[in-house]
Amino acid sequence: MTYDAGSEATVFLVDQTDVNRFSGRIGAFIETTTLRGLRARLSIRSAATERYARLRTFYSPSRAGEVRGTDERESARGAFASLTLSGTL
């Protein structure tokens, strides 16, 4: 079982700020070597829906001026799985 904590980052530009937020991610994997000389690993990532939010604020003529507008976006990505086989035949 794996867990990556969410994070937030702010980018400051001359005429805007850009705030990005990422939710935490949960994952899990099962690995076996029951097949001779071969390792199989089944992984599931983002077992809970991974969310991303972005808020951009625009200023004129610079961040020292007044707010001219905002752009807010949200997105979500569901779980996905992968099967990895490694070893020698």
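Residue numbers start at 1 and run along the sequence shown.
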Partner residues of [X] under the side chain to side chain donor-acceptor pair (under 3.5 Å) criterion, sequence neighbours left out:
| X | value |
| --- | --- |
| R54 | D18 |
| T10 | none |
| E8 | R21 |

Has L83 got more than 12 heavy atoms of other residues, nucleotides or ligands less than 6.0 Å from its CG? yes
With sequence neighbours excluded, residues passing salt bridge (charged side-chain N to carboxylate O under 4.0 Å, His left out) with [X]:
| X | answer |
| --- | --- |
| D4 | R25 |
| R36 | none |
| R68 | E66 |
| R63 | none |

Between atom [atom1] of [X] and atom [atom2] of [Y], what is the distance when rounded to the nearest 0.5 Å?
| X | Y | atom1 | atom2 | value |
| --- | --- | --- | --- | --- |
| R41 | S86 | CZ | OG | 9.5 Å |
| E31 | R39 | CD | CZ | 4.5 Å |
| S43 | I30 | OG | CD1 | 9.5 Å |
| R73 | N20 | CZ | CG | 11.0 Å |
| M1 | I44 | CE | CD1 | 9.5 Å |

Note: with side-chain heavy atoms under 4.5 Å as the link, the other cluster members for Y59 come out as V67
Can you list the other members of the hydrophobic cluster that holds F29, where links are side-chain heavy atoms under 4.5 angstrom apart? none
Taking every non-hydrogen atom, the tightest pair across [X] and [Y]:
| X | Y | answer |
| --- | --- | --- |
| T2 | A28 | OG1-N, 4.3 Å |
| A53 | E74 | CB-CG, 4.1 Å |
| Y3 | I26 | CD1-CG1, 3.8 Å |
| R51 | A76 | NH1-CB, 3.6 Å |

Return the set of residues passing side chain to side chain contact (heavy atoms under 4.5 Å, CB included) with S62 (not counting sequence neighbours), or none when no residue passes. V14, A64
Listed partners of A40 passing side chain to side chain contact (heavy atoms under 4.5 Å, CB included), at least two apart: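 With sequence neighbours excluded, A40 shows a side chain to side chain contact (heavy atoms under 4.5 Å, CB included) to T32, L85, given in chain and number order.
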Pairwise ring-ring contact (aromatic ring centres under 6.0 Å, His included) hits with a residue in residues 7-26, at least two apart: F22-Y52
